[in-house]
Amino acid sequence: MRGNPESHEFIGFNSLPAVLAQLSAAPGQWTPIAGGTELMVAHAAGRLNAPRLINLWGLPELDFIRVTDNSISIGGGVTFANIRRHAAIAEDFPLLSKAASWIGSVANQSRATIAGNIVNGSPAADAPPALLAYDAEIELISEHGTRRIPYADFHLGYKRSVLQPDELVLALHLPRRFLNHRQYLRKVGTRKAMAITKVALAATATIKENLITEIRLAAASVANRPARLCATEAVLFGQPLNAATKQAASKALLAEVSPIDDIRSTAEYRKQVAANLLDEFLDQLAQEGSAA
Ligand SMILES: Cc1cc2nc3c(=O)[nH]c(=O)nc-3n(C[C@H](O)[C@H](O)[C@H](O)COP(=O)(O)OP(=O)(O)OC[C@H]3O[C@@H](n4cnc5c(N)ncnc54)[C@H](O)[C@@H]3O)c2cc1C
């Protein structure tokens, strides 16, 4: 049943400090709303359990992309349309650009924000695997100040995170050191567009004289949260890229992932596809290694 707009209070301020003061005065009572592409869908379905909404859309303090020599910082309120169009992000972080182009339709991308994608906490969300493969940091802000942590430590479980009720996502910070990495992102869904991920894998790695010298793997829809695959990475790190290593990595990945059966797919299918994607990435890495 559709939600009733009259059962929600909606307020807004034109500055971030005013929003933070409101969140701090009544922690947990106000639900931030940015693009609304998650929350308004929940409202339309009559399952928006948020009687008090506080607007973030249009706050200039959350809407910035800052490029320095060492990093690119993306404000929590930046839309995927603006991420997709940004030349420096496309050059340094092509996986994130690609993920941005997958988020719903073009219309959706004009409202959907990066913080909304992360805080919503879906294990199937498109941006998190790329952010994990790039070792992003997330910066949180409250009235009492900011804290910056590895994004890999943000999600605690299904739709659970370290975000406190008086905090907002201020920014994502991406270190600019992946240009010489082999980069991979593949999403498997029902269709090419407007499809929720069945399985996705993002990866960055370097290879030198056939040894894997750096590797980061992250996946969607294989756990109760966006997942960095640290155990599989550990099996690959420092190893020669040969059939035995590939086999060991596949075994490690199958042990590390714990997908679920749902209406889109089965756990067994997801496991197999995740292993196939890893195999595909390692084949590409091997080709690059032999060409180097
Ligand atoms: C038709 C359609 C297609 C979609 N397709 C995809 C897809 O292909 N891939 C995909 O990943 N997603 C998809 N989505 C989901 C959605 O568009 C994204 O998750 C989007 O990025 C959410 O951002 P938002 O600003 O709209 O979030 P909102 O709906 O405004 O908020 C979502 C959550 O984030 C919180 N929040 C928002 N901003 C902040 C902040 N700065 N700090 C703290 N908390 C915050 C809110 O309180 C809420 O809990 C789709 C949605 C629709 C409606």
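All values reported here derive from a predicted model rather than from experimental measurement. Order of listing sets the numbers, starting from 1, for every ligand and every atom in it.
The N/O atoms of L39, backbone and side chain alike, include one that comes under 3.5 Å of an N/O atom in ligand 1. Residue contacts with ligand 1: G35 is placed with a nitrogen or oxygen under 3.5 Å of a nitrogen or oxygen of the ligand (distance criterion only).
Atom numbering of ligand 1 starts at 1 in the shown order; those under 4.0 Å from a heavy atom of A125 are 11 (O). Close contacts between ligand 1 and I33 involve ligand atoms 30 (O) [criterion: under 4.0 Å to a heavy atom]. Residue contact check: L168 has heavy atoms under 4.0 Å from atoms 42 (N), 43 (C) of ligand 1. Ligand-side atoms of ligand 1 in range of A34: 25 (O), 30 (O), 37 (C), 38 (N), range being under 4.0 angstrom from any heavy atom. Of all atoms in ligand 1, listed by their number and element, those nearer than 4.0 Å to a heavy atom of L56 are 38 (N), 39 (C), 40 (C), 41 (N). Residue-ligand proximity, V41 to ligand 1, at heavy-atom distances under 4.0 Å covers atoms 53 (C). Interface of A115 with ligand 1, defined as ligand atoms under 4.0 Å from a residue heavy atom, comprises 38 (N), 39 (C), 40 (C), 41 (N).
For atom 10 (C) of ligand 1, the nearest non-hydrogen atom from the set V169, L170, N117 belongs to N117. Among D126, I54, N55, I118, the residue whose heavy atom sits closest to atom 9 (N) of ligand 1 is D126. Looking at I114, V19, T37, it is T37 that brings a heavy atom closest to atom 17 (O) of ligand 1. The option from T31, N120, N108, V78 that lies nearest to atom 14 (N) of ligand 1, judged by heavy atoms, is N108.
Relative orientation of the F93 and Y134 rings is perpendicular, given thresholds of 30° and 60° on the angle between their planes.
Ligand 1 has no atom lying under 4.0 Å from any heavy atom of G76. Taking a 4.0 Å cut-off on heavy atoms, F80 registers as neighbouring ligand 1.
Screening L56, I54, L48, L53 for a side chain to side chain contact (heavy atoms under 4.5 Å, CB included) with I33, the sole residue that qualifies is L53.
For the pair L16/I141, a side-chain contact is recorded, criterion being any heavy-atom separation below 4.5 Å from C-beta on. Proximity of D279 to K246: side-chain heavy atoms (C-beta onward) are separated by under 4.5 Å at one or more points.
With a 6.0 Å cutoff to the six-membered ring centre and a 45° limit on the axis angle, R84 does not count as a cation-pi contact of W102.
Side-chain contact, S24 with E143: a donor N or O sits under 3.5 Å from an acceptor N or O. E256 and T232 share a donor-acceptor pair across their side chains, judged by distance under 3.5 Å alone. H181 and T206 share no side-chain donor-acceptor pair at under 3.5 Å. Side-chain contact check for N108 and S105: no donor-acceptor pair (N or O, by modelled atom type) lies under 3.5 Å.
Taking the charged nitrogens against the carboxylate oxygens, R228 and D153 have no contact shorter than 4.0 Å, which rules out a salt bridge.
Only the backbone of W102 comes within contact range of ligand 1, with a heavy atom under 4.0 Å; no side-chain atom does.
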